[in-house]
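Just the heavy atoms: all of them, side chains too, but no hydrogens, waters or symmetry mates, feed the values below. Read the numbers this way: they start at 1 and go in the same order the structure lists the ligands and their atoms.
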Amino acid sequence: MSIFLDAVQGKDTRRAPIWIMRQAGRYLPEYNAVKERYGFWEMCRNPEVAAEITMMPIRRFPLDAAILFSDIMTPLAEMGVEIEFAPGPVVARPVRTVADVERLRVPGPDGTAPFVAAAVRMIRERCPVPLVGFAGAPLTLAAYLVDSGGSADGHHGLRAWLYDRPAAAHLLLDKLTRVTVDYLRMQITAGAQTVQLFDSWAGVHASDVYDEFGLPYARRVLAGLEDLAVPRVYFALGSHHLLGPIAGLPAEVVGVDWRTPLSSARAALPGRTLQGNLDPAVLGTRPEAVSARARDVLRQGLGGAHVFNLGHGIRPDTPVGHVQRLIETVHAFDRHTEGDREDDEKVPR
Ligand code: 1CP
């Protein structure tokens with residue numbers, strides 16, 4: 001067993017396991033070197049390359065889990081959507097009408113990006129720590145499809161579209177839900193030991209809009225994995241106002257962003273493993289500040305199972321030495337005594 005799997009299954013472990021959202025990305029020089037040779041889709045679609053990028057942070061740091069190298073947009077390309085990366089996703093033709101939605105393909109259980117299943121199998125052969133698979137939540141995927149990519153204005157376009165075209169929205173969200181269930185089931189069957197559903201844009205919505213367009217589809221995705229008995233993580237950025245509905249989702253683990261203290265998330269989500277939530281901005285400061293703030297987060301996470309992570313993805317300008325420092329700080333913190341071990345021996349489970 002691993003300490004990460006213990007914690008995601010609800011065990012209040014003696015030290016917190018740690019992995020980092022976007023740990024296989026642009027802050028790593030070895031990732032940037034591979035990027036010189038391949039386009040983003042090539043890296044995702046070549047199982048050997050995707051597996052090796054997944055392994056990069058694992059080879060460099062004593063992390064407690066790996067995350068598959070891919071993107072939340074991967075299954076959308078399989079649905080027939082034309083997407084480029086610059087570096088964020090750019091969708092060639094936005095999906096806005098019922099006819100646009102009807103044109104999208106549902107590739108079926110084994111047809112949604114089979115190269116991802118191949119990468120998962122390769123990673124499992126070479127990775128000493130558990131592998132986290134992932135997908136985007138339907139409402140977040142819809143944000144990129146409706147607005148042709150990311151957004152600097154809180155996806156104003158998607159928000160207007162949901163009020164204006166609710167029937168088309170439900171049709172799109174239903175289709176995205178079916179594809180996402182197939183896609184995550186394929187990852188789990190290939191060997192993913194935990195899965196995370198990224199709802200990165202959930203927080204821009206009014207809570208009743210989320211209740212109608214976000215929650216039911218996230219629930220269907222998570223419930224659609226129930227029989228596979230793999231721990232499920234639900235992460236919604238900026239979701240302080242949504243913690244009530246989120247508490248009802250079938251997920252063993254809830255990811256929390258840096259704005260909500262873990263102690264208040266703990267009160268809203270009794271019995272759940274919490275994952276998070278160091279502000280990624282801290283990693284751009286001094287090493288002493290990284291350790292001090294990480295210990296604040298560790299203390300706020302006491303009182304139940306905790307998987308340490310950032311409150312959102314690591315920034316490309318993060319010094320790699322600060323990542324090492326962060327992992328050492330988390331590994332040294334004894335959750336029983338609320339202090340560091342004197343020697344450099346690791347804290348037992
Ligand atoms: O560790 C890892 O890097 C794992 C692989 C991974 C994951 C989990 C990538 C690689 N992307 C993601 C998830 C992802 N992609 C999310 C959810 C997490 C989050 O909120 O950050 C989102 C919203 C995306 C969409 C996306 N893809 C963005 C965000 C910006 C925007 O416009 O909204 C970006 C920059 C990408 C491209 C991308 N995906 C991954 C990488 C390493 C990159 C950068 C591409 C490059 O190298 O230039």
Quiz item: Does any donor atom in the side chain of D100 or T97 lie under 3.5 Å from an acceptor atom in the other side chain?
Solution: yes

Which pairs of N or O atoms, one from ligand 1 and one from the protein, are separated by less than 3.5 Å, and what is the distance for each pair?
{"unit_1": "ligand 1", "atom_1": "1 (O)", "unit_2": "Q23", "atom_2": "N", "d": "3.0"}
{"unit_1": "ligand 1", "atom_1": "1 (O)", "unit_2": "A24", "atom_2": "N", "d": "2.8"}
{"unit_1": "ligand 1", "atom_1": "3 (O)", "unit_2": "A24", "atom_2": "O", "d": "3.3"}
{"unit_1": "ligand 1", "atom_1": "11 (N)", "unit_2": "R22", "atom_2": "NE", "d": "3.3"}
{"unit_1": "ligand 1", "atom_1": "11 (N)", "unit_2": "D71", "atom_2": "OD1", "d": "3.0"}
{"unit_1": "ligand 1", "atom_1": "15 (N)", "unit_2": "R22", "atom_2": "NH2", "d": "3.2"}
{"unit_1": "ligand 1", "atom_1": "15 (N)", "unit_2": "D71", "atom_2": "OD1", "d": "3.0"}
{"unit_1": "ligand 1", "atom_1": "20 (O)", "unit_2": "S200", "atom_2": "OG", "d": "2.5"}
{"unit_1": "ligand 1", "atom_1": "20 (O)", "unit_2": "H312", "atom_2": "NE2", "d": "2.7"}
{"unit_1": "ligand 1", "atom_1": "21 (O)", "unit_2": "R22", "atom_2": "NH2", "d": "3.3"}
{"unit_1": "ligand 1", "atom_1": "21 (O)", "unit_2": "H312", "atom_2": "NE2", "d": "3.1"}
{"unit_1": "ligand 1", "atom_1": "27 (N)", "unit_2": "D71", "atom_2": "OD1", "d": "2.8"}
{"unit_1": "ligand 1", "atom_1": "33 (O)", "unit_2": "Y144", "atom_2": "OH", "d": "2.5"}
{"unit_1": "ligand 1", "atom_1": "39 (N)", "unit_2": "D71", "atom_2": "OD1", "d": "2.7"}
{"unit_1": "ligand 1", "atom_1": "47 (O)", "unit_2": "Y31", "atom_2": "OH", "d": "2.5"}
{"unit_1": "ligand 1", "atom_1": "47 (O)", "unit_2": "K35", "atom_2": "NZ", "d": "3.2"}
{"unit_1": "ligand 1", "atom_1": "48 (O)", "unit_2": "K35", "atom_2": "NZ", "d": "2.7"}

Practice problem: Taking all non-hydrogen atoms of both residues into account, name the closest pair between I72 and L141 and its distance. | Solution: O-CD2, 3.3 Å

Practice problem: Check the side chains of T260 and S264 for a donor-acceptor pair under 3.5 angstrom, ignoring hydrogens and angles. | Solution: no

Quiz item: Are the side chain of N277 and the backbone of G255 linked by a donor-acceptor contact shorter than 3.5 Å?
Solution: no

Exercise. Look at the side chain of R335 and the backbone N and O of G304, then say whether any donor-acceptor pair between them is shorter than 3.5 Å.
Key: yes

Quiz item: If you look only at pairs with a residue in residues 259-272, which of them pass as a salt bridge (charged side-chain N to carboxylate O under 4.0 Å, His left out), with sequence neighbours excluded?
Solution: D257-R259

